[in-house]
> 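First the structure, which I've put down as structure tokens, then a few questions once you've had a look.
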Amino acid sequence: MLTRPYIDKVREIADLLRPWGIRVYLSVNFGTPKALGETRTADPLDPQVRRWWRAKAKEIYSVIPDFGGFLVKANSEGQPGPFDYGRTHADGANMLAEALKPYGGIVMWRSFVYGAKHKGEDRVMQAVSEFADLDGQFADNVILQSKNGPLDFQPREPYAPIFDQMKHTPQMAELQITQEYLGQGDHLVFLAPMWKEFFAHMSPSRLQGIAGVANIGLDTNWCGHHFAQANWYAFGRLAWNPNLSSRQIAEEWVGQTFRPTPQPLPVREGSDYTQDLELSTPLPHREGLGESLINMMLRSREACVDYMMPLGLHHIFKFDHHMGPEPDGFKAEYPLEWCPVYYHKADTAGIGFDRSSRGTGATGQYREPYRTLYDSPTTCPEQYLLWFHHLPWTYRTLSGRTLWEEMQYRYLRGVSEVESFIRIWQEARPYIDEQRWLEVDGKLQRQLDDAREWHDTCLKYFGSFANPEKQ
């Protein structure tokens, strides 16, 4: 990406986006100069390497004067980085920051790291372990970019404690638009409620920016699923105004997307898009149906959590493609922290990952009151229960049901929700053009099949521990 032919292609993109006030950034490989054979090393303290990056920044800005800067993933999942040379994340980030500084560019340095330096440690703790001691050592044009949760874009995670720990380093949040772990392009899952859940714990005023991991496929509708476009829209709206509610965003999107005939958006004279749009256009068809579509969107994320991994369960997907359940997943050739059995720890005694002060101690990375709140199963929010605690199958949940009964209830509830989404979409057929209706209907049928697979596979596997006599 940093050779001249590719820089020239990036210039074309920059020229197209510039009239819209959008600047281009590049995700770069930390080992680029060595990989290109232009230096013998990628050591960030090597003078030749530093000169290479300064010259490369000068070249880029000569072609793209408003270039934004670099995004870097280093020393994670096999990627090269400063650890390869005994250096720190700050050493690596500051080298790039030095090269970009004369032009006003920034470095977005990702904290998504595991397995490079703290092997064997609870994976959700590794970002804090690698970065906390570096707080305040980064250049002022470096922003630390962290995922909303401490693991990897699961259907539900508590917020990442690195946001608590880095008090003197600018930070930005990284959110997932792609649905990598939420049914990908086949499931209707409106993500605004997930992001609002994060903002409820992490005030946007503490952040310097927000990133969205998105993917444009080969489908004419870009996203693969018509309703996935709502997540692009929600990300954009929350980037401008994180105080908007999920319902407000869903109402706007449904009103704009399913109008009987295209109409211009009503915008006040002299207004700008940093303020709320005043969409006075009524919902496109009879009020009850429009409300049903909105409610379907608002319920969809919780439904996904229910039929995949309720009560704080996480990372029990099939290997490699992350589509579908594999709670018995274990491969000796993989690092243990990639295996589903590592995360749910189901046995005849119970289920869940003990991250309390009596377990890995991950709760200690949080600020109060969350540190104390998460540390005890009696005060831990039930939605994170098995994220932080290993509990017996007979543990009583807030509903009065045992833990095993509650798991069965929630898996079934998730499937039932998808069945209700299909009924709502059937009612919408007279009011939606045939092409979009058929395409969404096909996706919903696939989602129902997948939800049933999650229900059957997970309850059969976990039941072998919870009710071994019935197996």
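Keep in mind it's a predicted model, so treat the numbers as computed, not measured. Positions are given from 1, in the same order as the sequence printed here.
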> Under the salt bridge (charged side-chain N to carboxylate O under 4.0 Å, His left out) test, which residues partner Glu406, sequence neighbours left out?
Arg401, Arg410
> Cut-off 3.5 Å, side chains only: do Gln145 and Glu174 have a donor facing an acceptor?
yes
> Between Phe227 and Lys443, is there a cation-pi geometry (under 6.0 Å to ring centre, at most 45° from the normal)?
no
> Tell me every residue that passes side-chain contact (heavy atoms from CB on, under 4.5 Å) with Lys73, counting only those two or more places apart in sequence or in another chain.
Ser76, Glu77, Gln79, Arg110, Phe112
> Can you tell me how far apart CD (Glu417) and CG (Leu412) are? Round to the nearest 0.5 Å.
11.0 Å
> Sequence neighbours excluded, which residues qualify as side-chain contact (heavy atoms from CB on, under 4.5 Å) partners of Gln445?
Ile422, Asp441
> With sequence neighbours excluded, give me every salt bridge (charged side-chain N to carboxylate O under 4.0 Å, His left out) pair touching residues 318-334.
Lys318-Glu453
> Of all residues at least two apart in sequence or in a different chain, which pass the side-chain contact (heavy atoms from CB on, under 4.5 Å) check with Thr372?
Glu368
> Please, which pairs that meet salt bridge (charged side-chain N to carboxylate O under 4.0 Å, His left out) have at least one residue in residues 207-229, sequence neighbours excluded?
none
> Check ring pair (Phe, Tyr, Trp, His ring centres under 6.0 Å) between Phe138 and all other residues, then give those that pass, not counting sequence neighbours.
none
> With ring pair (Phe, Tyr, Trp, His ring centres under 6.0 Å) as the test, would you mind laying out the steps for Phe258 and Trp437 before giving the verdict?
CA-CA 11 Å; Phe258 295 115; Trp437 188 89; over 10 Å; no
> Please enumerate all residues that pass side-chain contact (heavy atoms from CB on, under 4.5 Å) together with Thr363, with sequence neighbours excluded.
Tyr374, Asp375, Phe388
> Between Glu291 and Arg247, does at least one N-O distance fall below 4.0 Å, as a salt bridge requires?
yes
> Go through the structure and list residues passing salt bridge (charged side-chain N to carboxylate O under 4.0 Å, His left out) with Glu419, not counting sequence neighbours.
Arg452
> If a pair satisfies salt bridge (charged side-chain N to carboxylate O under 4.0 Å, His left out) and one of its residues is in residues 345-357, list it, with sequence neighbours excluded.
Asp122-Arg355
> Among all residues two or more places apart in sequence or in another chain, which pass the salt bridge (charged side-chain N to carboxylate O under 4.0 Å, His left out) test with Arg367?
Asp164
> With sequence neighbours left out, which residue pairs that include part of residues 166-190 fulfil the ring pair (Phe, Tyr, Trp, His ring centres under 6.0 Å) condition?
Tyr181-His315, Tyr181-Phe317, Tyr181-His322, His187-Tyr307
